[in-house]
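In this chain, numbering begins with 1 at the start of the sequence shown. As the structure is a prediction and not an experimental result, all values here were calculated from the model. These values consider heavy atoms only, across backbone and side chains, with no hydrogens, waters or symmetry-generated copies.
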Amino acid sequence: MEPSTLQFFYDLGIPPVNGYGLTETCVTLTATDLNPFRSDSVGKPLPGVELRILDPDAEGIGEVAVRSKTVMSHYLDDPELTAQTIVDGWLLTGDLGRLDSDGHLRLFGRKKNMIVTEGGKNIYPEDVENAFDGLVVKEYCVFAANYLWPEKSLGNEMLVLVMHLEPNQELTDAIKAEIATRNRLLPDFKRIGGYVLWNKDFPRTASMKIKRNVLAEEVRKTLDRSALVQL
C-alpha cells in the first residue's frame, strides 16, 4: 500500500499493518509490527522466512530473494521457468528492495521496470511516481522516453510522465505548477523531462497494477514524439 494511504489511516486512529507476499510464496512474507508505526516499509520477515538482497547497488537496493517452507516447489509443466525463478532453493521475486538496519524491507519496484541511465544510475519508475502521489489526475505512469519511442533519437536521456485525466478534466496551470514543484524536489537524474496526455484508461491486471509494457506499446502505436510536452 502507498505510504500516504497508510499514513492517512494511521492519522485517523486506525493503525494499518502493511505486508508483502507473492502467489509463489502462498502466504505473506513480511509484515509491519506497529512498534513503531512506519509507512515506508512492508515490515520484517515473518518467522520461518529468510530474505536476501541480491547484487545490491550503491544504495543497497537489489532483487529480493526468499527462502521458506511456504515457497512453491515449481511452476506446473514449466521446468524452464522454475529453473529461472528458484535458484539453489531461493525464490527470485523480481522485486527490488532494501533491508535497513532494523530488518525492515522497503520495496522500490520491479526489476524488469528498472531504468539504467547512460551514467550508470538506476531509476525505479515506481519510486519517481511516488513523488507525484496525490496529483489531481485520474492516473499516471513514468517511462523512459527511449522506451516509448525506441526508433527515435532523443539526444538526451529523459523520463516521461504519461497522464490520463478525469472525464472532462483540463490540464490546468495549477496542475502544471504542481508537477513542476514536485519535480524540482527530485534528484536531477530522477526528474521527468516532459509529459504526454493519454485519453484512455490504463490497462491493468486483476490486482489493478498497471500493465506497463502494454501501455507503452499502446502509446508507441498512437503517439509520436510530437505529443511530448517538455518541462
Side-chain angles (χ1 to χ4, degrees), residues 2-5 7 40 57-59 61-62 94-98 106-205 208-231:
E2 294 294 340
S4 60
T5 304
Q7 190 67 51
D40 64 333
D57 62 15
E59 297 180 349
I61 300 172
D95 292 316
L96 293 167
R98 178 175 64 208
R106 182 180 176 189
L107 297 177
F108 290 86
R110 295 286 292 169
K111 183 179 178 180
K112 65 182 180 180
N113 296 335
M114 185 176 71
I115 300 167
V116 181
T117 70
E118 291 180 0
K121 296 284 189 179
N122 294 340
I123 299 175
Y124 314 101
E126 297 92 337
D127 194 28
V128 177
E129 288 162 2
N130 285 339
F132 296 94
D133 184 38
L135 189 67
V136 188
V137 297
K138 185 172 185 179
E139 50 193 350
Y140 58 87
C141 192
V142 171
F143 294 100
N146 61 2
Y147 178 66
L148 291 177
W149 303 291
E151 73 283 4
K152 301 292 185 181
S153 177
L154 299 183
N156 297 316
E157 296 168 334
M158 182 185 297
L159 295 180
V160 176
L161 185 68
V162 178
M163 290 186 291
H164 177 210
L165 304 181
E166 296 283 1
N168 301 317
Q169 182 184 16
E170 294 184 0
L171 187 62
T172 63
D173 290 340
I175 295 176
K176 294 177 185 177
E178 181 70 13
I179 292 172
T181 298
R182 295 185 183 215
N183 202 34
R184 284 193 295 270
L185 297 176
L186 289 165
D188 288 348
F189 71 97
K190 289 185 179 181
R191 291 177 184 172
I192 61 171
Y195 64 85
V196 295
L197 295 180
W198 188 243
N199 60 5
K200 295 187 291 186
D201 288 338
F202 288 178
R204 294 180 180 269
T205 65
M208 298 308 294
K209 294 179 181 177
I210 298 172
K211 296 181 179 179
R212 293 174 181 269
N213 58 330
V214 176
L215 176 59
E217 183 65 23
E218 291 180 358
V219 172
R220 187 179 303 122
K221 289 180 178 179
T222 307
L223 303 175
D224 58 27
R225 188 186 174 188
S226 63
L228 176 64
V229 180
Q230 296 196 30
L231 294 178

Rounded at 0.5 Å granularity, tell me how far [atom1] in [X] sits from [atom2] in [Y].
X: Ile115; Y: Lys121; atom1: CD1; atom2: NZ; result: 15.0 Å
X: Leu223; Y: Asn199; atom1: CG; atom2: CG; result: 8.0 Å
X: Leu135; Y: Leu161; atom1: CG; atom2: CG; result: 7.0 Å
X: Glu129; Y: Ile192; atom1: CD; atom2: CD1; result: 10.5 Å
X: Thr222; Y: Trp198; atom1: OG1; atom2: CH2; result: 3.5 Å
X: Asn183; Y: Leu186; atom1: CG; atom2: CG; result: 5.5 Å

Please name the pair of heavy atoms, one in [X] and one in [Y], separated by the smallest distance, quoted to 0.1 Å.
X: Glu139; Y: Phe202; answer: OE2-N, 2.8 Å
X: Ile210; Y: Tyr140; answer: CD1-O, 3.8 Å
X: Leu159; Y: Lys190; answer: CD1-O, 3.4 Å
X: Met114; Y: Tyr124; answer: SD-CE2, 3.5 Å
X: Glu126; Y: Asn113; answer: OE2-ND2, 3.0 Å
X: Pro203; Y: Glu218; answer: CD-OE1, 4.1 Å

- CA sep, side-chain torsions, deciding dist, call: Lys138, Asp201, side chain to side chain contact (heavy atoms under 4.5 Å, CB included): CA-CA 9 Å; Lys138 185 172 185 179; Asp201 288 338; 2.8 Å; yes
- Has the side chain of Arg98 got a donor or acceptor atom that lies under 3.5 Å from a matching backbone atom of Arg106? no
[X] side chain near [Y] side chain, heavy-atom distance below 4.5 Å:
X: Val142; Y: Ile123; value: no
X: Arg191; Y: Leu231; value: no
X: Asn130; Y: Phe108; value: no

- Stepwise side chain to side chain contact (heavy atoms under 4.5 Å, CB included) test for Phe132 and Val137: CA-CA 10 Å; Phe132 296 94; Val137 297; over 6 Å; no
- Pair Met163-Ile179, side chain to side chain contact (heavy atoms under 4.5 Å, CB included): steps then yes or no: CA-CA 11 Å; Met163 290 186 291; Ile179 292 172; 3.7 Å; yes
- Determine, step by step, whether Phe143 and Leu215 satisfy the side chain to side chain contact (heavy atoms under 4.5 Å, CB included) criterion, reporting the C-alpha distance in whole Å, the side-chain angles of both residues, the deciding distance to 0.1 Å, and the verdict. CA-CA 10 Å; Phe143 294 100; Leu215 176 59; 3.9 Å; yes
- Please say whether more than 12 non-hydrogen atoms of neighbouring residues, nucleotides or ligands are located less than 6.0 Å from CD in Glu166. yes
- Message: With a 6.0 Å cut-off (strictly less than), is the heavy-atom count around NZ of Lys209, excluding the residue itself, greater than 12?
- Response: no
- Message: Assess the residue pair Arg110 and Asp95 against the criterion (salt bridge (charged side-chain N to carboxylate O under 4.0 Å, His left out)); give the C-alpha distance rounded to whole Å, side-chain angles, the decisive distance to 0.1 Å, and a yes or no.
- Response: CA-CA 5 Å; Arg110 295 286 292 169; Asp95 292 316; 2.9 Å; yes
